[in-house]
Amino acid sequence: MNAERLRSMVKKEFVQMRRDPATLRLMLAVPVMQLLIFGFAIRTDVRHLPTVVFDQSRSQQSRAFVQSLTATDNFVLKRQVHSYAEALQAVDGGQARAAVVFPPDFARELKRGHTARVQVLVDASDPTASQSAIGAAQLVGQRTNVRLVAERTGALSQGLPVDVRVRPLYNPALKSAVFIVPGIIGMILSNILIVITALSIVRERETGTLEQLIVTPLARWEIMLGKIVPYVLVGYIQMTTVLLVGHLVFHVPVRGPLLALYGATFLFIVANLGLGLFISTLGRNQAQVTQTAFLFLLPNVLLSGFMFPREAMPAAARLFGLALPLTYYLQLIRGIVLKGNGLTELWPQALALAGFAVAFFAFATQRFSKTLE
Amino acid sequence: MSAAAPIAAREVVELRELVKRFGSVTAVDHVSFSIHPGEIFGILGPNGSGKTTTIRMLCGLLRPSHGTALVAGADVAVEPERVKSRIGYMSQAFGLYRDLTVDENLAFYGGVYNLGPALAERLAWAKRVMRLDELGGRLSGVLSGGQKQRLALACAMMHAPEVVFLDEPTAGVDPAARRLFWTIIRERAAEGVTMIVTTHYMDEAERFDRLAFLSRGKLVALGSPTEVKQQFGSEGSLEDIFVALQERDA
Ligand SMILES: Nc1ncnc2c1ncn2[C@@H]1O[C@H](COP(=O)(O)OP(=O)(O)OP(=O)(O)O)[C@@H](O)[C@H]1O
Ligand SMILES: [Mg+2]
């Protein structure tokens, strides 16, 4: 351990970072841009499907049913159409995402006590949007049935036998931005920091400065540590910016202790920087290293729980996800930000991140050679 | 009573049957010679003759495939890090940070060699003796070829090493800058620093106290410029010998 050597190394990295303001600006702008893009574009709570109605029954009953549908907020009545073909055409052409079709005998069948049919066509090309619409349509159907059956049997006064009410916790409005923002912080930190550090050593190799660097008495770990210290700061700035913008634009709350969040983030940042350094020792040039880094980025998005719930994954994918620091960080940050958890609940995840940080840093240092072999 | 020890200690660099193979290529082939303290020692040879590979082994940057080399009292294969702390090395390609200023590069290498409070004084020394006084705030990347070389030598000597290796320091530099560079090399040698320099400029050969002539990784001549000429037969200059060697190898 030599404080002066390490200080020189860190200072040099900071000066180089300052001399490249374009990259610095990019590192700070990209996270905010990604947040806004993801926050506005990936809305898993897409509602308000434009809907056309082909109502051959033209009855008070059919109008009441349409009203129940639009009351769910999943359907917005666009216009009436005058044939089945026209209804299909509207969905085909994209003017409508759903069509409701009533047969001529809809009201008549209802009155007779027979089964009246109503058809709801949903454009299911976007599964999330269509699923909630389908769910809503079925619910409206069920409610109507219950009401009618109750009216017929006169059982209404006794109330319904079972009334299931689901109350979403932590994110009561089911706003997906709220859920996504903490995830985005994790994904951005991970991806940007891995790529930056992966390139840093190999860039020195390519420009010829590495040869001059490794002929000095700098210890391997001093070189490694000097490379990551400035980026811990960059990571913190990125995280704080995204959290702030998320709070202001998407009203993301921070319910848990900020100190725990920043502490856990430190472990996460170091784990990713260590992984980046490790990757950088695996290749001889920037192209190779970039390829290797991308090997980690896709699983980060797909298997960590950022995009898809881990509970729904096949065992192998779930197992692979356990090898990604992001998996643990997502649980941590969502726990702290959305549920108001602290380290009392989340210490196992923090411990895992600390393990990753130490292990990756040690692997990288171990593999880094102070020779040109 | 060891009679051998003082003699060994007299040599600042000593190669014994040094070999470096890259796969099937033998870049350095059983080379042996010694370098005395305070000498300006030349390693000459055409492209690909193994000059850089030899120097890299002597600096602890490459592991010898075979043989040993002692530099400043340490075995390069056994204690490469010890060797590194005692030597200065200026690589063939400009290896300093182009986005750092002259002062920042000097301060970085000074800090890396742990100069502590002596840093300011060494920095002033380096700029003075390397004729960089006016350039402290200039970015290293925009310096002229000659200035770059002098800065590289300054960085390699911040920690006052007893041996300095310079790999083709005057390549691609104009004649005036070359002459200045040689003046600086002679000044440092006069202070007792051993300067080991590779070149393929034959007109520079006369400037060496002694030189080793490499061809295809083999040592083909060793001694003072006059001795080397004699080893190849007295007629002709070193330049003729060089060209003859290159043609023989081609
Ligand atoms: N890392 C390496 N891998 C494989 N072969 C190498 C490596 N380094 C050098 N060589 C080969 O070893 C031989 C000697 O190369 P070296 O760079 O030592 O020559 P040199 O005398 O310094 O040449 P130049 O005057 O061009 O700088 C060459 O044939 C070169 O191709
Ligand atoms: Mg060379």
Side-chain angles (χ1 to χ4, degrees), chain A residues 1-27 196 199-227 229-230 284-285 365-373, chain B residues 20 22 52-53 55-65 76-77 80-101 103-119 139-141 151-153 155-156 158-159 161 164-165 167:
Chain A
M1 168 73 194
N2 182 295
E4 188 183 358
R5 286 203 301 254
L6 184 59
R7 202 170 55 236
S8 304
M9 188 70 203
V10 171
K11 191 171 162 199
K12 172 216 133 201
E13 292 291 327
F14 267 119
V15 174
Q16 289 191 298
M17 195 191 278
R18 208 178 61 214
R19 293 282 146 77
D20 188 2
T23 304
L24 204 57
R25 270 199 300 275
L26 213 59
M27 285 192 300
I196 287 177
L199 288 176
S200 72
I201 284 184
V202 87
R203 194 180 304 120
E204 286 221 26
R205 193 185 293 281
E206 281 187 346
T207 52
T209 55
L210 191 67
E211 181 168 357
Q212 207 65 66
L213 189 68
I214 60 179
V215 84
T216 69
L218 273 171
R220 294 186 294 176
W221 70 268
E222 286 168 345
I223 298 179
M224 294 287 146
L225 202 57
K227 287 265 167 210
V229 168
R284 304 299 284 188
N285 58 52
T365 305
Q366 168 64 33
R367 267 198 59 88
F368 179 70
S369 163
K370 272 193 76 189
T371 70
L372 293 167
E373 307 281 343
Chain B
K20 182 66 189 180
F22 296 110
T52 297
T53 307
I55 283 201
R56 282 176 170 167
M57 283 192 284
L58 297 180
C59 294
L61 289 173
L62 287 175
R63 272 189 77 84
S65 310
V76 297
E81 292 307 305
R82 184 120 160 236
V83 169
K84 287 174 186 175
S85 67
R86 293 181 181 180
I87 59 150
Y89 170 63
M90 181 180 155
S91 57
Q92 184 166 355
F94 184 64
L96 302 181
Y97 298 99
R98 288 158 206 270
D99 46 356
L100 259 52
T101 64
D103 279 345
E104 284 164 350
N105 264 311
L106 288 168
F108 170 64
Y109 280 97
V112 153
Y113 283 104
N114 221 3
L115 295 188
L119 177 66
L139 280 184
S140 308
L151 175 59
L153 180 57
C155 287
M158 279 299 280
H159 59 300
V164 180
F165 294 89
D167 197 359

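Letters go in sequence order (proteins before strands), and every chain restarts at 1. Quick note: numbers below take in every heavy atom, side chains included, and nothing from hydrogens, waters or symmetry partners.
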Can you find a heavy atom in the side chain of [X] that is under 4.5 Å from one in the side chain of [Y]?
X        : Y        : answer
B:Cys155 : B:Leu106 : yes
B:Val83  : B:Cys59  : no
B:Asn114 : B:His159 : no
B:Leu96  : B:Phe108 : no
B:Leu62  : A:Glu373 : yes
B:Met158 : B:Asn105 : no

key: Contact leader toward chain B among A:Arg7, A:Glu204, A:Lys370, where contacts are heavy-atom pairs under 4.5 Å   = A:Lys370
key: Among A:Asp20, A:Thr207, A:Leu218, residue most engaged with chain B (heavy-atom pairs, under 4.5 Å)   = A:Leu218
task = Identify which part of B:Arg56 has an atom lying under 4.5 Å from any heavy atom of chain A, answering side chain, backbone, both or neither.
result =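 Contact with chain A involves the side chain of B:Arg56 alone.
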message = Using heavy-atom distances under 4.5 Å, tell me whether B:Phe94 contacts chain A through its side chain, its backbone, both, or neither.
response = backbone
query = What's the spacing between B:Ile55 CD1 and B:Leu61 CG if we round to 0.5 Å?
reply =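 Going from CD1 on B:Ile55 over to CG on B:Leu61, the span is 10.5 Å.
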task = Considering only heavy atoms and a distance below 4.5 Å, find which of B:Ser85, B:Ala107, B:Ser91 pairs most often with chain A.
result = B:Ser91
note = When every non-hydrogen atom of A:Met27 is compared with those of A:Ile196, the smallest separation belongs to SD-CD1, 2.8 Å
key: Side chain / backbone / both / neither for A:Thr216 at chain B, heavy atoms under 4.5 Å   = both
query = Is it the backbone or the side chain of A:Leu213 that comes under 4.5 Å from a heavy atom of chain B, or both, or neither?
reply = both
note = By residue number, those in residues 9-16 of chain A with heavy atoms under 4.5 Å from heavy atoms of chain B are A:Met9, A:Lys12, A:Val15, A:Gln16
request  = Would you tell me whether B:Tyr109 and A:Gln212 have side-chain atoms, one donor and one acceptor, within less than 3.5 Å of each other?
outcome  = no
